[in-house]
Amino acid sequence: MADATPSRPQLLGNDDAPFEKFPSGETTPIVGVTMEGADLVESVAVTRFPVDAPDVSDFLTDWIGKLRVRPGLQGVIFGGITIAGLSVLVPLAMSERLDLPVLVVNRREPSNRRLREALERAGFAERIPLLDRAPKPFPVGERLHAAAAGADAERARGLLGSSVRKSDLPEPLRLAHLIARAIAMGESRGRP
């Protein structure tokens, strides 16, 4: 992985759409938005993944690796360690396979206690060790925390800072959230 961070890196933000809890075989859209800096959308991609299914990291790594924009990416961003319900991401494995930093961001300091309880209640206790192997989060500004695989904290802060404009969230992630919600609900809604 290259250490130099361009002033306007191309980052892929990924988020899932809202879905009904306790589905049986339901899939949810996952939207990826690639942006250069905080103001230029390069592409939008959509896939689907079964809610609460295992192996989401392998699935998303394969999907991202095949995207047209993959050669120009400088990083991948997710809004939390889970996606598509209680499907747990493995950022380190994804970073190694993609040869890119994989950043997991949260608006507040993440605590895995509640997530561990949710995994146990849902019958997914075997996924808890994935949380223990996840990179440790660190603050990025006043209202954002990040965990980084494939980048140190300084580089991760640089990547994230270059993509923030309207809110605390990096724009690629914020737009992925809005688009995913619009796909599922017919209209987007987000927080500033």
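Values reported hereafter were calculated over all heavy atoms of this structure, with side chains retained and with hydrogens, waters and symmetry mates removed. Because the structure is predicted, anything quoted here is derived from the model rather than measured. Count residues from 1 along the sequence.
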Are Leu89 and Met94 packed together at the side-chain level, in the sense that at least one heavy-atom pair is separated by less than 4.5 angstrom? yes

What's the spacing between Phe78 CZ and Asp16 CG if we round to 0.5 Å? 10.5 Å

Under the salt bridge (charged side-chain N to carboxylate O under 4.0 Å, His left out) rule, what do Asp132 and Arg116 come out as? Steps first, then yes or no, please. CA-CA 10 Å; Asp132 297 330; Arg116 288 172 192 275; 2.5 Å; yes

Do Leu103 and Phe138 land in one hydrophobic cluster if side-chain heavy atoms of ILVMFWY residues count as linked below 4.5 Å? yes

Shared hydrophobic cluster for Leu178 and Val41 (ILVMFWY, side-chain gaps under 4.5 Å): yes

Any chance you could lay out the salt bridge (charged side-chain N to carboxylate O under 4.0 Å, His left out) test for Arg181 and Asp15, step after step, and finish with the verdict? CA-CA 9 Å; Arg181 184 168 183 87; Asp15 203 7; over 6 Å; no

Arg174 vs Glu171, salt bridge (charged side-chain N to carboxylate O under 4.0 Å, His left out): CA-CA, chis, key distance, verdict: CA-CA 5 Å; Arg174 190 180 78 80; Glu171 284 297 298; 2.9 Å; yes

Show, in sequence, the C-alpha distance, side-chain angles and deciding distance for Val56 and Thr82, and conclude whether the side-chain contact (heavy atoms from CB on, under 4.5 Å) test is met. CA-CA 9 Å; Val56 71; Thr82 60; over 6 Å; no

Give me the atom names and distance for the closest heavy-atom approach of Ile64 to Leu73. CG2-CD1, 4.3 Å

Leu60 side, atom CG; Ser87 side, atom OG - distance, nearest 0.5 Å: 9.0 Å

Arg165, CZ: over 12 other non-hydrogen atoms inside 6.0 angstrom: no

Any donor and acceptor pair, going by atom type alone, linking the side chain of Thr61 with main-chain N or O of Ser57 inside 3.5 Å? yes

Give the intermediate values and the outcome of side-chain contact (heavy atoms from CB on, under 4.5 Å) for residues Arg97 and Asp62. CA-CA 9 Å; Arg97 281 190 52 207; Asp62 290 343; 2.4 Å; yes

Val46 meets the side-chain contact (heavy atoms from CB on, under 4.5 Å) criterion, sequence neighbours left out, with Pro29, Val31, Ile183

What distance do Phe59 atom CZ and Arg48 atom CZ have between them, rounded to the nearest 0.5 Å? 10.5 Å

Side chains of Leu159 and Pro101: does their closest heavy-atom pair fall under 4.5 Å? yes

Nearest heavy-atom pair of Gln10 and Gly72: which atoms, and what distance? CB-O, 3.5 Å

Check for a donor-acceptor pair, side chain of Thr28 on one end and backbone N or O of Ala17 on the other, with a separation under 3.5 Å. yes

Are Val90 and Arg133 close enough that some pair of their side-chain heavy atoms sits under 4.5 Å apart? no

Using the side chain to side chain contact (heavy atoms under 4.5 Å, CB included) definition, which of the options Leu173, Ile77, Val76 pairs with Asn14? Val76

Locate the shortest heavy-atom distance separating Val105 from Pro170; write the atom from each residue and the value. CG2-CD, 4.5 Å

Under 4.5 Å between side-chain heavy atoms, hopping through other hydrophobics if needed: is there a path connecting Leu131 to Leu86? yes

Interatomic distance, CD@Glu42 vs CZ@Arg68, rounded to 0.5 Å, equals 7.5 Å

Nearest heavy-atom pair of Phe49 and Ala84: which atoms, and what distance? CD2-CB, 3.9 Å

Counting C-beta onward and ignoring hydrogens, is there a side-chain heavy-atom pair between Arg8 and Leu40 closer than 4.5 Å? yes

Quick one: pull up CG in Leu119 and CG in Asp52 and give me the separation to the nearest 0.5 Å. 9.0 Å

Kindly check if the number of other-residue, nucleotide or ligand heavy atoms within 6.0 Å of CD (Glu126) is above 12? yes

Where is the tightest heavy-atom contact between Ala148 and Pro135, given as atom of each residue plus distance? O-CB, 3.4 Å

Between the CG atom in Leu98 and the CZ atom in Arg70, the distance rounded to the nearest 0.5 Å is 6.0 Å

Looking at Glu154 and Arg157, does any basic side-chain N land under 4.0 Å from a carboxylate oxygen? no

Any link between Ile83 and Trp63 through a network of hydrophobic side chains (Ile, Leu, Val, Met, Phe, Trp, Tyr) touching at under 4.5 Å? yes

Non-hydrogen atoms of Ala134 and Ile81 that approach each other most closely: CB-CD1, 4.0 Å

Is there a path of hydrophobic side-chain contacts, each under 4.5 Å between heavy atoms, that joins Leu92 and Ile128? no

